[in-house]
Amino acid sequence: MASDTGSNFIRTRIDSELADGRVQQVVTRFPPEPNGWPHIGHAKSICLNFGLAASYGGRCHLRFDDTNPEGESEEFAQALANDVRWLGFDWGDHKYYASDYYEQLYVWAESLIERGLAYVDESSEEQIRAHRGTVTEAGTPTPFRDRSPADSLDRFRRMRAGEFDDGAMVLRAKIDLTSNNMKMRDPLMYRIKKQSHYRTGDAWGIYPFYDYAHCLSDALEGITYSLCTLEFENNRELYDWYVQHVDTGADPAPQQIEFARLALTHTVTSKRKLKQLVLEGHVSGWDDPRMPTLAGLRRRGVRPEAVRELCDRVGVARANSTLDPALFDQIIREDLDAEAPRVMAVLDPLPMVVENWDADVDWIDAPLWPSEFGLEGERPIPFAKNLFIERADFKVKPAKGFKRLAPGRSVRLLNGYVVTYTGHEVDADGNVTQVRVSHDPKTRGGDARSKVSGSIHWVARDTSMEATVRVYDRLFAAAAPGLEQDFLLDLNPASLKTLTARIEPALSFAEGGSHWQFIRAGYFFADVQDSEPGKPVFNQVVSLKDSWKKQETLVQARKAANAPGKVGDKPDPLHPKRAKALRDLGIDEDTARVLTDDPAHDAVFVAVVAKHAQPESVAKFLVNEVIPAAEQAVKLDVAPGIAALLAMVDSGKLTTKLARKVLAEVLTGGDPVAIAKRDGLTVVSDSGELLAIATKAVADHPEEAQKFRDGNGRMMGFFVGKVMKATGGKADGKAAKQAVEAALGTWQDQMVQILNESKASDNK
RNA sequence: UGGGGCGUCGUCAAGUGGUAAAGACACCAGGUUUUGAUCCUGGUAUGCGUAGGUUCGAAUCCUACCGCCCCAGCCA
């Protein structure tokens, strides 16, 4: 369970850091702010954090990120904790509150001030905004930026003491007003907020900001991986800055990793919008079954198993994506299939009279599960003269392919009898008011085989009960609510249908919290709050798949189509004259541009060519191999080494691949000839030896060889790959290819084939 | 127009230079079925945003271009 073993970029990273000892134990955390109800998006984070910790034998903390007293409450914290537990996760003793760290955070802030790394800014909110600049313009210092540490310290202490009003001043980190990253332009650390906090009461009049508090809380708790969503990407630099400049003693330092949040079409998950739906009464509350909140899902009857499975199947990646809710629907069905006993309920009743039924009530034992489940259990269902069937199961003029009841047809009443149409009545408007049938006594229950193609569900009129059944559809009609208009206008007016259904007697004992499959209708859940003993109220959890009623094709979230690759004008090379000179040497424009982009590289180029007079080859080697392999600009003094290396490649002594192995050392001044010799890097180009290897590879893989002969030229790569592997990557590529071709007898075969084909067509 | 990210099937997603591009949902076609459900079988990307380049070999490396998301709260 939720011990996702699928591969993802976070696991890959953890694996490697565990392997090289940088991290000993995986410690994660789920850090909600207790100011709202968690939704399906939080579930992903919960499953990820707790799941990862569990699967690596580490631990996961539940930490309330309560750094802003506004809107936070113990009730929310309780609800959050509840939902985490409901999902099936356990934080053990590790429940924490950022508010418990206020004192430590404060002490660290003083230390930052003392070291000149933070200052109290008395500018107004507007002034600070103005001085921050824009994404294209650098910020400028406010008049308070250079005040002395002692001055700031004094102010900061008085801020804490409550001497100033809200908004009078803030504490800011002194980082870099000109940074391209807006988050680094002297971010705010503390604000004055004379508001009491649900946990610390009136002890504090200043509160830390997320960026300052979160990373240090992580450090304090020994968190190793601080996972958050993509929009915090820009905050990572700041996260690292605080961790680096505050002496927390955390080892290893916690690191922030961002992943894509879970989004669904036809759904909103923003706290603001969810709140608006509740406050304006568009839904009945935070736990309305149409809400994407965990409380809503629970109320609807979705089990935690299904939520966890969803998170597992969706995976973790860094690409923003929007899920089709059909996936969740299907997972819910799979989860409930073996959980929900089968019973009958008629949601939209149409009276049916069995004309040749004279007996009283016939109680039939009907199984609670399909026979192939192998599960025990049955319940008695009453058959009688007067029944109800689903209105949609009778059509006066059936469409092609309709398998249910219609004039002249017979149909199986599930677990009852086969009945045959004898007549029907309509009202003044032409609506069918009653169907008449006759039954075949020989077809009772499961006793007799029958050829009828359709089976429909039913209940007896006098012994069935009325019950409230709520059928749900997506809350929003639009795939992307709010994309083209106010999101409230995208609300689906038919998202809730409250029906008075007829349920079979056994169902009247359904307890709140029980799951049922209403045969042919869907999975239903006896509402925990509204059901009363003997009077259940049902929520539809999810419908059954219905391949007859073709579901309206969901309008997929409009993903802006990528413009089909227009090729824009290429920019001019940085140094037009030089670039032209290079072109004259036979070097193409792209290559020339990269080469001249950094004068240092151009100089290296000149130096290498001086030793190895193959300008085109040198340019390509530098651009495609050397520059990408170098961390910084390539140094001029390694040019001789590069020249020697390339000379080996060009003379066939080394393949490009082997050259790559040597490159790193050459870049730090190594001698390629010596290194190659030391590591035994010699190209295998002996055709006899390669042919032997290739022949063996072909013999070992007859199927692949056949595929190749059948015309799949790409199997060449497979065999060359085998040869490469066998030689430890030392085979000369071209020679290896020739050896494989010879081993496969390719061109002869192909010639034969072509000849045969031409003969065959001649004969026609 | 600055910076940070991201583009692999209708939707998610694996893939880290060599076994004809996993898997799931959706879709299509069959089979089983007293639920048009479940279950089973098969099909579905000659290609990884586009165009060039490097390489024996590229979704993976290089270059340019295109598109989408995020950042200018005293929110988190």
Side-chain angles (χ1 to χ4, degrees), chain A residues 6-8 12 33 35 65 67-68 70 125 128-129 132-137 139 166-167 170 179-183 185 188 191-193 209-210 214 230-235 237 258 260 265 313-315 317-324 326-327 330-331 333 337 342 370-373 403-404 412 414-415 446 450 452 454-457 517 519-520 544-549 556-557 559-571 588 590-591 593-594 620-621 623-625 627-628 655-657 701 704 707 712 714-718 720-722 724-725 732-738:
Chain A
S7 171
N8 64 50
T12 305
E33 184 189 14
N35 71 345
D65 235 345
T67 55
N68 183 354
E70 203 148 351
E125 199 173 336
I128 288 178
R129 202 192 331 275
R132 187 148 34 214
T134 68
V135 288
T136 53
E137 296 164 67
D166 284 13
V170 291
S179 173
N180 281 320
N181 183 351
M182 299 296 291
K183 298 290 180 196
R185 318 244 266 224
L188 277 52
R191 75 282 223 181
I192 300 172
K193 218 169 185 134
F209 282 92
Y210 164 85
H214 192 87
L230 248 26
E231 68 270 25
F232 288 97
E233 232 157 350
N234 296 318
N235 301 55
E237 193 179 353
E258 313 86 21
T265 62
R313 282 204 217 172
V314 165
R318 283 178 69 85
N320 270 315
S321 55
T322 310
L323 228 54
D324 183 344
L327 171 62
Q330 182 56 17
I331 288 170
R333 291 186 194 105
D337 189 35
R342 274 48 169 183
S371 55
E372 67 269 25
F373 278 46
K403 301 204 308 202
R404 312 168 196 175
R412 153 77 61 184
L414 279 161
N415 299 121
S450 146
V452 295
S455 301
I456 64 175
H457 58 276
Q517 187 196 102
I519 296 180
R520 300 210 312 132
L544 248 30
K545 270 209 245 179
D546 188 347
S547 56
W548 169 244
K549 179 185 86 189
Q556 298 299 347
K559 212 177 181 180
N562 286 346
K566 286 177 295 203
V567 178
D569 292 335
K570 299 217 164 163
D588 68 87
D590 275 350
T591 309
R593 187 161 12 85
V594 180
K620 286 186 169 166
F621 191 66
V623 167
N624 283 297
E625 306 293 342
I627 297 175
T655 61
T656 312
K657 196 169 202 162
H701 301 276
E704 283 79 2
K707 282 180 188 164
N712 181 358
R714 296 226 253 156
M715 290 312 288
M716 177 59 76
F718 169 71
V720 174
K722 288 290 173 212
M724 285 297 175
K725 211 164 192 175
D732 173 72
K734 282 175 188 149
K737 194 172 176 183
Q738 278 169 14

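Keep in mind the model is a prediction, meaning the values are calculated, not measured. Every chain is numbered from 1, with letters handed out A, B, ... down the list of sequences.
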Give [X] one of three labels, base, sugar-phosphate or nothing, depending on what nucleic acid heavy atoms sit under 4.0 Å from its own.
X	answer
A/V170	base
A/T67	sugar-phosphate
A/N235	base
A/V135	base
A/G167	base
A/E258	nothing
A/A736	nothing
A/E125	base
A/L230	nothing
A/F209	sugar-phosphate
A/R342	base
A/P370	base
A/T134	base

How long is the span from the [atom1] atom in [X] to the [atom2] atom in [Y], to the nearest 0.5 Å?
X	Y	atom1	atom2	result
A/D732	A/M724	CG	CE	7.0 Å
A/R333	A/K545	CZ	NZ	6.5 Å
A/E233	A/R318	CD	CZ	4.5 Å
A/R313	A/I331	CZ	CD1	4.0 Å
A/K183	A/N235	NZ	CG	4.5 Å

How far, in whole Å, is [M] from [N] if one measures between their [atom1] atoms?
N	M	atom1	result
B/U60	B/G43	P	28 Å
B/G36	B/A45	P	32 Å
B/G53	B/C69	C1'	29 Å
B/C9	B/A51	P	16 Å
B/G67	B/A24	C1'	27 Å

Protein-nucleotide distance ([X], atom [atom1]; [N], atom [atom2]), rounded to Å:
X	N	atom1	atom2	value
A/K620	B/C62	NZ	C1'	12 Å
A/K722	B/G17	NZ	P	16 Å
A/E33	B/C75	CD	C1'	7 Å
A/D324	B/G10	CG	P	13 Å

[X] side chain, from C-beta outward: closest of [options]:
X	options	result
A/K657	B/G17, B/A76, B/G36	B/G17
A/E372	B/C6, B/A72, B/U38	B/U38
A/M724	B/G18, B/A76, B/A64	B/G18
A/K193	B/C74, B/G5, B/C75	B/C75
A/N68	B/C75, B/U19, B/G36	B/C75
A/A319	B/G5, B/C74, B/A13	B/A13
A/N234	B/A72, B/G4, B/A76	B/G4
A/K737	B/A20, B/U35, B/C56	B/C56
A/Q330	B/U1, B/A72, B/A26	B/A26
A/V720	B/A72, B/A76, B/C56	B/C56

Contacts under 3.5 Å, N or O only, protein and nucleotides 21-24 of chain B:
{"unit_1": "B/A24", "atom_1": "O2'", "unit_2": "A/R313", "atom_2": "NH1", "d": "3.2"}

Can you check whether A/R318 has a side-chain N or O nearer than 4.0 Å to OP1 or OP2 of B/C6?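 Checking B/C6 against A/R318, a side-chain N or O does come within under 4.0 Å of OP1 or OP2.
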
Distance check: side-chain N/O of A/T12 vs OP1/OP2 of B/U16, anything under 4.0 Å?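 Checking B/U16 against A/T12, no side-chain N or O comes under 4.0 Å of OP1 or OP2.
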
side-chain hydrogen bond (donor to acceptor under 3.5 Å, both in side chains) partners of A/N35, counting only residues at least two apart: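 Here the qualifying residues are A/E33, A/K271.
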
A/H214: ring-ring contact (aromatic ring centres under 6.0 Å, His included) partners, not counting sequence neighbours: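 A/H214 satisfies ring-ring contact (aromatic ring centres under 6.0 Å, His included) with A/Y210 once adjacent residues are dropped.
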
